[in-house]
Amino acid sequence: MNLYKYVSDSINEKLGFKANLETPKNRDFGDFSTNAAMVSAKTEGKNPRELAAQIAPKLQELDFVENVSIAGPGFINIKIKNDFILQNAVAPKQMIATKPLTIDMDYGAYNVAKSLHIGHLRTSIVGDTFNRITKFLGHKTFSWNHIGDWGKPMGLIIAWIERLHPELPYFQDDFDPKTPVDYEIDEKELNNYYPSASAFAKENSEFQARAQEIKAKFQAGHPGYFALYEKFLAISLRTMNNTVQRLNILPFDYDLGERNAAKYLEPVEQILRAKNMIYESDGAQVINVKRDTDTAPMPPYMWRDSRGADTYDSTDLAAVYCRKQVDNPDRIIYFTDLRQSLHFEQLFRAADMSGIYPYDKFEHIGYGTINGKDGKPFKTRDGNAAGLDDIIDIANEAVKARVAESGKKLDDETIKIIALAAVKFNDLLHDVKSDYIFEPSAITSFEGKTGPYILYTAVRLNSVLKRANGDFSKPHEYALTTEERSLLIEIMDFEKTLLSAYENRATDMIANYAYDLCQLTNNFYHNCPILRDDIPTDIKAGRLYIAKLAFDTLSTAIDLMGLKIPSEM
RNA sequence: GCGCCCAUGGCUCAAUUGGAUAGAGCAACAGAUUUCUAAUCUGUGGGUUGCAGGUUCGAGUCCUGCUGGGCGCGCCA
């Protein structure tokens with residue numbers, strides 16, 4: 001049961017108007033409080049405490065209310081009956097949305113032939129968790145990994161391979177796709193091609209021009225370039241799949257990016273031309289997305305650059321058109337770096353103006369950067385910008401060291417699970433749009449508000465449940481201790497938390513909830529022994545029931561965060 | 001120059017979207033273990049919420065101005 005909703009609805013019905021229900025910061029005041037008296041005192045010109053005194057007796061009549069009190073300037077505090085809490089607390093399960101939506105979520109956005117950078121970590125983790133929460137609430141979602149598989153980098157990579165292996169037949173204009181070619185690309189080498197080529201192109205204009213020429217011919221359908229492209233694309237897709245597994249995120253519904261979107265450029269261009277939206281500016285084909293109300297300069301949306309090539313502006317718009325055709329979503333949500341805000345503002349306007357997709361159904365969730373202690377983007381020990389793998393490796397080493405220090409023996413798989421939890425939980429814990437500081441030392445200590453703490457709580461609960469090996473049925477009567485009571489109320493708060501996390505697009509809420517739940521669970525665990533010999537049977541049964549509820553709730557939260565519970569730690 | 005975001009104990013972050021005495025973790029100090037897993041639990045100290053005004057019963061939260069930081073501003077994605 002969603003206790004908050006139940007109490008709120010009951011109170012509104014009883015009072016005949018909508019009262020604002022809150023859970024006091026200080027739980028000593030009560031389980032819930034309402035400022036109804038203060039709000040209506042204002043409109044009615046009456047004394048709030050007098051009004052509260054009139055309202056309170058009505059609330060006292062509700063069968064789940066233990067007592068009602070008036071405090072401060074006119075707060076009405078409500079305490080819920082223990083038995084009501086015990087009888088109605090349930091473990092969360094998949095919900096049915098009252099108004100189910102279809103939502104396209106764009107996150108991941110991995111690149112072909114380019115190892116994942118640190119930013120991919122946040123888009124993957126936050127996007128995945130938000131996706132899971134949305135599904136859990138009963139909405140239909142489609143996740144799109146909008147792969148960078150079409151633009152300028154492809155030209156550079158092909159040009160680079162041409163430079164390394166000019167003898168390969170792919171570079172001949174009359175290449176026959178059926179020709180068998182004895183050439184394999186090494187995955188690790190492939191990841192270096194783009195950075196190397198990109199750097200080389202900057203100082204070598206001849207190579208730069210060659211890459212551009214290749215890109216144009218490639219996009220026009222050059223068979224040899226395309227055959228080569230398909231070769232490294234396959235490797236990249238495999239790498240991406242490994243990343244998905246390594247991060248334990250849900251498989252994407254679509255691994256379709258720029259190349260796929262490019263197929264929709266023509267119909268989109270027809271729409272734009274029909275509306276006279278495209279005009280020439282400095283040799284490029286652009287769309288004006290300014291509004292009269294703009295106070296900031298609004299650059300035009302770049303449909304084609306001055307060389308006539310697609311841009312990421314055009315493929316992004318085409319991708320929207322594609323999604324409209326394929327999923328017909330009620331909303332499209334992008335999870336990308338905050339710095340792309342202007343681009344998305346332009347995209348949303350262009351889509352809206354062209355009638356392809358309405359402005360108010362788009363959302364851009366921009367995330368901040370992961371920084372080191374110095375406040376600048378996190379670097380590895382050798383001073384290079386850290387990649388996604390670096391982060392996970394660093395966490396792995398830290399966990400391994402900590403485990404060795406403790407004298408415990410955990411297998412590599414368990415260590416990986418713990419390290420990933422450390423990284424992911426830490427990421428989810430922070431407000432999406434703000435930068436956060438990644439401190440390996442904070443993870444090394446494994447104390448406090450961390451992923452390992454969450455897992456540890458689940459593991460020790462699980463250990464009791466396994467050991468009990470009994471049934472966990474609800475007791476008819478059981479006198480709750482304060483620890484048990486607080487824990488059950490927190491469990492009943494789960495649904496409300498999920499709804500807020502969804503509505504606010506705030507994945508940190510689930511992480512913070514999980515932490516609070518763990519604190520209360522550990523408190524319960526510590527103060528309410530279950531399987532000890534001196535514990536009477538009825539108390540044992542009651543506590544086992546509560547422990548099971550706590551475990552089910554916690555494991556659901558853990559699952560929504562894309563973490564795994566190890567068998568021991 | 002224009003625009004967006006941010007500023008909360010020594011450090012890293014919260015604060016139910018305007019509510020009561022601003023909460024957690026780390027670090028510091030003091031305790032708890034014949035263990036259902038101590039990667040745990042309990043306690044103590046630590047704050048003029050960057051500064052100055054304003055709005056109202058009530059402001060960390062809203063409005064204005066300042067100070068200090070981050071980011072963005074047509075052919076890279």
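What's counted below: heavy atoms across the whole structure, side chains too, no hydrogens, waters or symmetry copies. In what follows, chains carry the letters A, B, and so on, assigned in the order in which the sequence lines appear, proteins first and then strands, with residues in each chain numbered from 1. Note that the structure is predicted; figures quoted are calculated from it, not measured.
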Q. Between A:K433 and A:D431, is a salt bridge (Lys or Arg N to Asp or Glu O under 4.0 Å) present by the stated rule, with each step listed?
A. CA-CA 6 Å; A:K433 55 182 181 300; A:D431 179 19; 3.5 Å; yes
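To the nearest angstrom, P of B:A14 lies 8 Å from CG of A:L429. Atom CG in A:D533 sits about 11 Å away from atom C1' in B:C36, given to the nearest Å. Between A:Y436 atom OH and B:C13 atom P the separation is 10 Å, expressed in whole Å. Atom pair A:D337:CG and B:C76:P shows a separation of 18 Å (rounding to whole Å applied). Distance A:N371 CG to B:C11 P: 17 Å, rounded to the nearest Å. Atom NZ in A:K202 sits about 12 Å away from atom P in B:A77, given to the nearest Å. For A:I70 and B:C57, the CD1 to P distance is 21 Å, given to the nearest whole Å. We find that CD of A:E503 is positioned 15 Å from P of B:U16, with the value rounded to whole Å.
One C1' atom belongs to B:G46, the other to B:A27, and the distance between them is 11 Å to the nearest Å. Comparing B:G50 with B:G60, their P atoms are spaced 10 Å from each other, to the whole Å. B:G74 and B:G19 have their P atoms separated by 40 Å, given to the nearest Å. Nucleotides B:C2 and B:C62 are separated by 24 Å at their C1' atoms, to the nearest Å. B:U49 and B:A30 have their P atoms separated by 32 Å, given to the nearest Å. The separation of B:U61 from B:U17, taken at their C1' atoms, amounts to 8 Å, rounded to a whole angstrom. Comparing the same atom, P, in B:G69 and in B:U42 gives a spacing of 41 Å after rounding to whole Å.
Set against B:C36, B:U12, B:G74, the side chain of A:V286 has B:G74 as its closest nucleotide. Each of B:C6, B:A39, B:A77 was ranked by its minimum atom distance to the side chain of A:K433; first place goes to B:C6.
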Q. For RNA chain B, what string of dots and brackets results from 5' to 3' when Watson-Crick and G-U pairs need both distances under 3.5 Å, crossing pairs get [ ], and pairs with another strand get |?
A. (((((.(..((((.....[...)))).(((((.......))))).....(((((..]....)))))).)))))....
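Rounding to the nearest 0.5 Å gives a distance of 11.5 Å between CD1 of A:I418 and CG of A:L563. To the nearest 0.5 Å, the span separating CG on A:D493 from NZ on A:K5 amounts to 14.0 Å. If you take OG1 on A:T23 and CD1 on A:I489, they are separated by 10.0 Å, rounding to the nearest 0.5 Å. From A:T457, atom OG1 reaches atom CZ of A:R460 across 7.0 Å, with rounding to the nearest 0.5 Å.
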Could I get a table of every N or O pair under 3.5 Å where one atom is in the protein and the other is in nucleotides 40-48 of chain B?
{"from": "B:U40", "atom 1": "O2'", "to": "A:R460", "atom 2": "NH1", "distance (Å)": "2.9"}
{"from": "B:C41", "atom 1": "OP1", "to": "A:Y453", "atom 2": "OH", "distance (Å)": "2.6"}
{"from": "B:C41", "atom 1": "O2'", "to": "A:H526", "atom 2": "ND1", "distance (Å)": "3.2"}
{"from": "B:U42", "atom 1": "OP1", "to": "A:N523", "atom 2": "ND2", "distance (Å)": "2.8"}

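Using a 4.5 Å heavy-atom threshold, the side chains of A:N77 and A:I70 count as separate.
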Q | Footprint string (nucleotides 58-72 of chain B, 5' to 3'): B base within contact, S backbone only, - free, heavy atoms under 4.0 Å | A | ------------SSS
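Mapping A:H430 and A:T450 onto RNA chain B by nearest heavy atom places A:H430 closer to the 5' end of the strand. Place A:N504 and A:D516 on RNA chain B by their nearest nucleotides, and A:N504 ends up nearer the 5' end.
Base orientation at B:G74 is syn, since its O4'-C1' glycosidic dihedral falls within 90° of 0. Using a 90° window around 0 for the glycosidic torsion, B:U17 falls inside it and is classed as syn.
Phosphate proximity of B:A39 to A:K408: present, with a side-chain N or O under 4.0 Å from OP1 or OP2.
Of the options A:L531, A:T481, A:V464, a side-chain contact (heavy atoms from CB on, under 4.5 Å) to A:R543 is made by A:T481 and by none of the others. Tested against A:D310, the residues A:K215, A:R304, A:K152 include a single side chain to side chain donor-acceptor pair (under 3.5 Å) partner, A:R304.
Shown for residues 72-80 of chain A: residues whose heavy atoms fall under 4.0 angstrom of RNA chain B, namely A:F75, A:N77. Across residues 299-318 of chain A, A:P299, A:P300, A:M302, A:D305, A:S306, A:Y312 each have a non-hydrogen atom less than 4.0 Å from an atom of RNA chain B (numbered order). Of the residues in residues 414-423 of chain A, none lies under 4.0 Å from RNA chain B by heavy-atom distance.
Under the 6.0 Å cut-off for aromatic ring centres, A:Y367 and A:F335 do not qualify, their centroids lying 6.0 Å or more apart. Residues A:F378 and A:F438 bring their aromatic ring centres within 6.0 Å. Ring pair A:Y107/A:H146: centre-to-centre distance not below 6.0 Å.
In A:K449, the NZ atom is crowded: over 12 heavy atoms of neighbouring residues, nucleotides or ligands sit closer than 6.0 Å.
For A:T23 and B:U16, a side-chain-to-base donor-acceptor distance below 3.5 Å is present, hydrogens and geometry of angles not being considered. Under 3.5 Å, the side chain of A:S33 and the base of B:A20 form at least one donor-acceptor pair of N or O atoms.
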